[in-house]
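Shown next, in structure tokens, is the structure this report addresses.
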Amino acid sequence: QVQLVESGGGLVQAGGSLRISCVVSGRTISDYAMGWFRQAPGEERDVVAGISRSGGSTYYADSVKGRFTISRDNAKNTVYLQMNSLKPEDTAVYYCAARRSLLVGVSRNEYDYWGQGTQVTVSS
């Protein structure tokens, strides 16, 4: 049974930074490509960033390019999302997801396992 648990969300002012984490248990994270998604109230759950199983390839949504960085530490079974220059429109619940593949996934239906989410709120 694979479980994903996010942490590190919170309230931050616009222009600030936050790092959120996702710990995988039940299987080694090196078996999975990983991704971060977000969902604001009344909106669809959209991809934010993804990283391949090796960590050698990444993907970013246009809205976060240059501001967010996804990384993984397979020894710690953890994937991170470093978020800089945060904007109020980044406010959402952020979800971690795992994909049984070598390759980065860029859509919701490509992922097999999901965490419960962590709230990120950016005040103006």
Side-chain angles (χ1 to χ4, degrees):
Q1 184 80 6
V2 178
Q3 291 188 321
L4 288 70
V5 179
E6 302 95 336
S7 63
L11 175 64
V12 62
Q13 288 189 330
S17 298
L18 204 61
R19 188 178 79 161
I20 56 178
S21 305
C22 171
V23 176
V24 177
S25 61
R27 291 285 298 270
T28 176
I29 196 174
S30 59
D31 288 343
Y32 302 101
M34 301 297 295
W36 285 99
F37 288 71
R38 67 186 181 188
Q39 188 169 19
E43 304 279 339
E44 296 288 319
R45 189 176 298 186
D46 292 325
V47 66
V48 174
I51 189 165
S52 63
R53 206 166 77 178
S54 70
S57 296
T58 55
Y59 168 85
Y60 295 96
D62 287 344
S63 58
V64 307
K65 278 181 184 175
R67 300 189 298 123
F68 290 12
T69 303
I70 187 171
S71 62
R72 61 190 298 156
D73 185 339
N74 287 351
K76 294 183 178 180
N77 255 24
T78 302
V79 63
Y80 304 97
L81 186 68
Q82 177 67 45
M83 303 182 289
N84 298 329
S85 302
L86 282 160
K87 305 174 181 180
E89 51 263 44
D90 294 318
T91 295
V93 177
Y94 283 70
Y95 296 91
C96 174
R99 181 182 189 222
R100 290 190 301 259
S101 173
L102 290 170
L103 305 176
V104 179
V106 300
S107 65
R108 183 176 175 178
N109 61 5
E110 292 179 292
Y111 285 82
D112 302 294
Y113 303 101
W114 293 85
Q116 292 299 305
T118 186
Q119 176 71 47
V120 172
T121 303
V122 184
S123 63
S124 57

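Below, all heavy atoms of this structure are taken into account, side chains as well, without hydrogens, waters or symmetry copies.
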Requested in this report: Look at the side chain of Arg67 and the backbone N and O of Ser85, then say whether any donor-acceptor pair between them is shorter than 3.5 Å.
Outcome: yes
Query raised in the report: Gln82 side chain to Thr69 main-chain N or O, any donor-acceptor pair under 3.5 Å?
Result: no
Mind listing the side-chain donor-acceptor pairs of residues 117-124 below 3.5 Å, one per line with the distance, residues two or more places apart or on another chain?
from	atom 1	to	atom 2	distance (Å)
Thr118	OG1	Gly9	N	3.2
Gln119	NE2	Ala92	O	3.4
Gln119	NE2	Thr121	OG1	3.3

Query raised in the report: Tell me, which pairs form a ring-ring contact (aromatic ring centres under 6.0 Å, His included) where one or both residues lie in residues 21-67, sequence neighbours left out?
Result: Tyr32-Tyr113, Phe37-Tyr111, Phe37-Trp114
Query - All pairs passing ring-ring contact (aromatic ring centres under 6.0 Å, His included) where residues 68-104 contributes a residue, at least two apart - result: none
**Report entry** Atom of Ile70, atom of Met34 and distance for their closest heavy-atom approach
**Finding:** CD1-O, 4.1 Å
Requested in this report: Answer yes or no: is there a donor N or O on one side and an acceptor on the other, between the side chain of Asp46 and the main chain of Arg38, under 3.5 Å?
Outcome: no
Query raised in the report: Do Leu81 and Leu18 share a hydrophobic cluster (ILVMFWY, side-chain heavy atoms under 4.5 Å, transitive)?
Result: yes
Query raised in the report: Going by an N to O cut-off under 4.0 Å, is there a salt bridge joining Lys65 and Asp62?
Result: yes
Requested in this report: Output yes when a side-chain donor or acceptor of Arg99 lies under 3.5 Å from a complementary backbone atom of Glu110, and no otherwise.
Outcome: yes
**Report entry** Where Ile51 and Gly55 come nearest, the two heavy atoms and their spacing
**Finding:** CG1-CA, 3.7 Å
Query raised in the report: Any sub-3.5 Å donor-acceptor pair from Arg45's side-chain atoms to Val93's backbone N or O?
Result: no
